[in-house]
Amino acid sequence: MSAHHHVQSPTTTRDDEADLARWDDDGAPPAQPRSSPAAWLRVGAELGDRLVALSGRNDLLVTCRPGTRSGAPAAFFPTLGEVEFDAGLFAPLQPHEIHPRIVGDEERYPAAWGVFVHEAAHAAHSVWTQPAGADPRVVEAALLLEESRVEGAHLITRPTDRTYLRTSARTLVMPDIAHPTLQGIEQAAAVAALILGRRDVGILDAGETRAVADLCEKVLGADLLTTLTRIWTAAHQCADHDATTMLARGQEWCDALDAAAPALPVPENLTDLLSGAVGVVMDSTAATDAADLAAQAAAANAMAAQSKSQAQDRAQRARQRRKAAATAKSVFTARGTVNPDGTPAPRSNPVTGTRRPTAAEQKAAARLSRALRAAAYRERTEERTTGPTPPGRLNMRAALARDAQRAAGSVPTAEPFTHTRRRNSPTPPLRVGIAVDVSGSMRAACAPVASAAWIVARAAALTDPDSRTATIAYDRHLTALTRPTHRAPERVTTFDATGGHHNLGDAIDALDHGLELRRPGAGRLLVIVTDARYGSDETAQAVTRVKQLTTAGCAVLQLTLTAESRHLPGTILLHLPQPSSAPVAIATAATDAIRRTR
């Protein structure tokens, strides 16, 4: 079957080992190991700690040293409660570089860990014992079937170990193929059990094992291979303690080979053929695993890049919020014009003074207030509930149904009383921000926008105490014309447009933070009065803020006065040939904004 078994019974005593030790000294200088065997004691102890989770047993000892008594890379001794492990599997790592107790450290030595997982599978599931007097050949066959059975059982409870079990197949199977203890048909059958048995429990893929499957079918014949497949498939269903069934499967294995062997010719180079086919399988699994690792690494890198990008976006948004807060504070607390960094800029103040509102403006504010109040009105909601007892209006049909249910001896389920609860829906407040361009080309908009700003602020204060508005005049600098307070302004602030350049981005930031234009629950509107004759950088900054506001549900309106004006992407463009119609347009937009609020 296989050159080495991974479930071992002790074959030497301590006295035998002492006798053998006398022959170790042949007169030559003692061999100097690359690392002291004592240094591997810690590695073995840490492997023992991890074995508890892998096998579910805490009564096992793991010994790790260069070389093993069994000759196999690793072996499980059920009677001794010991798993021995060849330190050479960790090459080229030295013991001080290996820390199995740290979860994840095994990724640095997957081949060694795969062998360890295989032995853990034996420790967890190879718990049946052979009875005294059992045929050694039958026991040998049962142990061969045990190899794939325990891995399949381990995979059920720990499916994430599949990658390591695939790696262990390359480490454990190839030496057994290269140094067979069986010849002829039995050797081909053993290879089929080791490779195709792992395929049938999900360790290897069918496409990866096709080379061995085709060769075994050619050597063994389709009928015998089908019989052997049925035997190892039945062994996979055997319980861990069921020695009788496992030995029965081993007997069936031997009988099938004995019956078919005389009629099957054996190729002279069978060992080479099997080694070549198994090599193809192992190369295929190695390529698949390498591709999976590359895909996982690519996915991990993509996730890391995405996380980094998201973190950068969050940091950028946080910086923008802090900057907007600082801008809003400097603009709305100052009594004059400020630079974008908050420093005063008194020489660039566009404000020319204040005046008392006209009668027409006061009437317009009153009309807008009534329109906003009507638009904000919400009908009362009604909630109807039923119950078996008052309060509520009696439904006679339900009452008769309840009496009929009670008379029939069933549990009454009808609920004859209906209660209606009416609740007032809160009216949403209004948030309106106005940003007016005071560069030289916007002089015609100064008077109507000043009037509109006062009308909207006055109407909002009369409609709802929670409503707020604010107006900012901007060129390169920022000037607050009205501030986001709950009090209505008493006078109209007049201004002129004599500035140069533009700073709409900071103006939007200040209005956004001061009025909470991104926060739902209110009718939100941003009005931008401009011809949008900006440079590319100024336009890009403004469009970014407009997109953020519209995504948050805030309506953005752009008012233009000339046909040569440009459209800011993302805004609702409204061209006003008559500047005097600006107050009406802004009032209508504010009414629509609060009406759409839900």
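Side-chain polar atoms of S284 and E208 form no donor-acceptor pair below 3.5 angstrom. Side-chain contact of T591 with R595: a donor-acceptor pair under 3.5 Å is absent, judged by distance alone. T385 and H419 form no side-chain donor-acceptor contact under 3.5 Å, judged by distance and modelled atom types alone.
The pair D531-R566 does not meet the salt-bridge criterion, since no charged nitrogen lies less than 4.0 angstrom from a carboxylate oxygen. Salt-bridge annotation for E106 and R50: present, with a side-chain N of the basic residue lying under 4.0 Å from a carboxylate O of the acidic one. Between R162 and D205 there is a salt bridge, since a side-chain N of the basic residue sits under 4.0 Å from a carboxylate O of the acidic one. One finds no salt bridge joining R545 and D512 here, because no Lys/Arg side-chain nitrogen approaches an Asp/Glu carboxylate oxygen to under 4.0 Å.
Under a cut-off of 6.0 angstrom, the local environment of CD in Q578 is sparse, with at most 12 non-hydrogen atoms contributed by other residues, nucleotides or ligands.
R355 contributes no side-chain N or O that, together with a main-chain N or O of V492, makes up a donor-acceptor pair within less than 3.5 Å. Put simply, the side chain of T327 gets close to the backbone of K323: a donor and an acceptor are under 3.5 Å apart. Under a 3.5 Å cut-off, the side chain of R166 and the backbone N or O of A286 do not form any donor-acceptor pair.
Relative ring orientation between Y534 and H502 is described as tilted, the plane-to-plane angle lying within the 30° to 60° band. The aromatic rings of F85 and F116 sit perpendicular, their planes meeting at an angle over 60°, well past the 30° parallel limit.
L368 has its side chain within reach of I455: a pair of non-hydrogen atoms, C-beta onward, lies under 4.5 Å apart.
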